[in-house]
2 protein chains.
Amino acid sequence: MAQETNMQAAFENVMAASGNIPPKQKLVLAASLELFAEQGFANTTTKEIASRAGVAEGTVYKRYKTKDALLAAVLAPYVTEVVPAFVQDFAKQVVNQPYMTLHEMLTTVVTDRIAFIKGNRAVLQVLITEILVRSDLRKQLTPRVLPLLQKNLYAVLDRLKANAELVDWPNDRIAQFMIGTMITELARSIFTDEDLDQAGPVLLAFLEKGLAPK
Amino acid sequence: MAQETNMQAAFENVMAASGNIPPKQKLVLAASLELFAEQGFANTTTKEIASRAGVAEGTVYKRYKTKDALLAAVLAPYVTEVVPAFVQDFAKQVVNQPYMTLHEMLTTVVTDRIAFIKGNRAVLQVLITEILVRSDLRKQLTPRVLPLLQKNLYAVLDRLKANAELVDWPNDRIAQFMIGTMITELARSIFTDEDLDQAGPVLLAFLEKGLAPK
DNA sequence: ATATGTGGTGAGCATTCACTCACCTATTAA
DNA sequence: TTAATAGGTGAGTGAATGCTCACCACATAT
């Protein structure tokens, strides 16, 4: 499917952007992400990171001057590249197709996002945790994500509402339910460690019914 | 409304149980909760707690021997008292009323939970954050909450399904959507700092439509 | 050959922080 | 009056941890 291909392209962009990074530094990044997801950022020591990456502690600090910079380096590509690419990708698929139905749109969103969650459980878990803990990160992220939603998603929602295909609620509420429902699936996978393959149709049906006009 | 009264009773139980606690220790608990919610558990020092509570650092350790014990003391009453009382309270209202419709049940749940979220934003934020970070807490909590849901909520769901009032999905999926949708409202309030007063009807409508039979 | 730069190392430093302890005060018990 | 107990204090401590730095290895340029 086209959306999956494009999403993978977003990943590969990140990987390509980290092409200049020497191999041991990649190990450091990978170990950081793993440990942050397992134990949380604050409960992870740089010594642990070094040991899991199989490098000396000095190596951890060679490129990333502080532990915070390391967290930023792990999350930044997702915030500045993957998520925007993801949203704009969605836009390309959906915005320019004026006859797309609610069902078709939700199918796209759900399919896409489930694949995304599957491929990024660890990063997403770290990101959500740190968003809850660090109010500065919250304030940094909001102006980056909100306009993207407004310019891409909201236009589609307005059109569907005009066609009486979508319930007449404020766009932020509808986005809340769409994104929130997807995140319940992430939460489920964190709790149960179960795979997400079966989830698609149910999530889709729940959203489609819940967001149908009255 | 009856459910709100009962829920307040649950709060008061906690407060009453902490009746033996000397006043300065209550200040310590209150300051801990505030700071944990603002900065996260790991980013909060015992010196900060002491200073916000207006006591000496030794006082913090008089009753609670470790910082972890302090976190437990803050969360425990909610895990062992408030949440179970809350669920069983729900049971009393709903389980024994065989003619209750989906609409009535969801009204109860949504009304109740919104009030609960409003009154417990801080604790819930700390609880969710720590659940994401500490896998041990996750494993400790699951066997305490799951049976409660199964014995109380699931019975009602089964009956509604039998009456063809509720969509025929597994109970855990339905619970996921119910709880998840409520949590999206908590997330919204964390992001926007907006009050939750207006949310009730929309959440209710979304759930009711989403969970209606096909 | 020499110099320069990049990536890597790990012992060690400075600081922070959870936690302790000897002491104080006040209330209750004997 | 004395003893005992409980709550409170804050300077002090040891361990942990983020971070540095002098040094090494190797490649490329001069």
Taking atom [atom2] of [N] as reference, at what distance in whole Å does atom [atom1] of [X] sit?
| X | N | atom1 | atom2 | result |
| --- | --- | --- | --- | --- |
| Phe41(A) | dT17(D) | CZ | P | 13 Å |
| Ile21(A) | dT6(C) | CD1 | C1' | 15 Å |
| Tyr61(B) | dC17(C) | OH | C1' | 8 Å |
| Arg63(A) | dG7(C) | CZ | C1' | 10 Å |
| Asn43(A) | dG18(D) | CG | P | 11 Å |
| Glu48(A) | dG18(D) | CD | C1' | 13 Å |
| Lys67(A) | dT17(D) | NZ | P | 9 Å |
| Lys65(B) | dT20(C) | NZ | P | 8 Å |

Does OP1 or OP2 of dT9(D) have a side-chain N or O of Thr59(B) closer than 4.0 Å?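 It does, given that an N or O in the side chain of Thr59(B) lies less than 4.0 Å from OP1 or OP2 of dT9(D).
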OP1 or OP2 of dT9(D) versus the side-chain N and O atoms of Lys24(B): is any pair under 4.0 Å?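 For dT9(D), OP1 or OP2 has a side-chain N or O of Lys24(B) closer than 4.0 Å.
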Students often get this wrong, so: under 4.0 angstrom with heavy atoms, is [X] touching a base, only sugar-phosphate, or nothing?
| X | value |
| --- | --- |
| Thr45(A) | sugar-phosphate |
| Val55(B) | sugar-phosphate |
| Lys62(A) | base |
| Thr44(A) | sugar-phosphate |

Nearest to the side chain of Ala56(A), which nucleotide is it out of dG18(D), dG10(C), dG8(D)?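 Out of dG18(D), dG10(C), dG8(D), the nucleotide with an atom closest to Ala56(A)'s side chain is dG10(C).
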Do the rings of Phe177(A) and Phe206(B) sit parallel, tilted or perpendicular, given the 30° and 60° boundaries? parallel
Does a donor on one side chain sit under 3.5 Å from an acceptor on the other, for Gln176(B) and Arg188(A)? yes
Should Ile131(A) and Phe191(B) count as side-chain neighbours, where that means a heavy-atom distance under 4.5 Å? yes
Is Glu185(B) paired with Arg173(A) through a side-chain N to carboxylate O contact shorter than 4.0 Å?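 Salt bridge: yes.
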Knowing that exactly one of Val145(B), Leu137(B), Leu141(B) qualifies, which makes a side-chain contact (heavy atoms from CB on, under 4.5 Å) with Val79(B)?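 For Val79(B), the side-chain contact (heavy atoms from CB on, under 4.5 Å) test succeeds with only one of Val145(B), Leu137(B), Leu141(B), which is Leu141(B).
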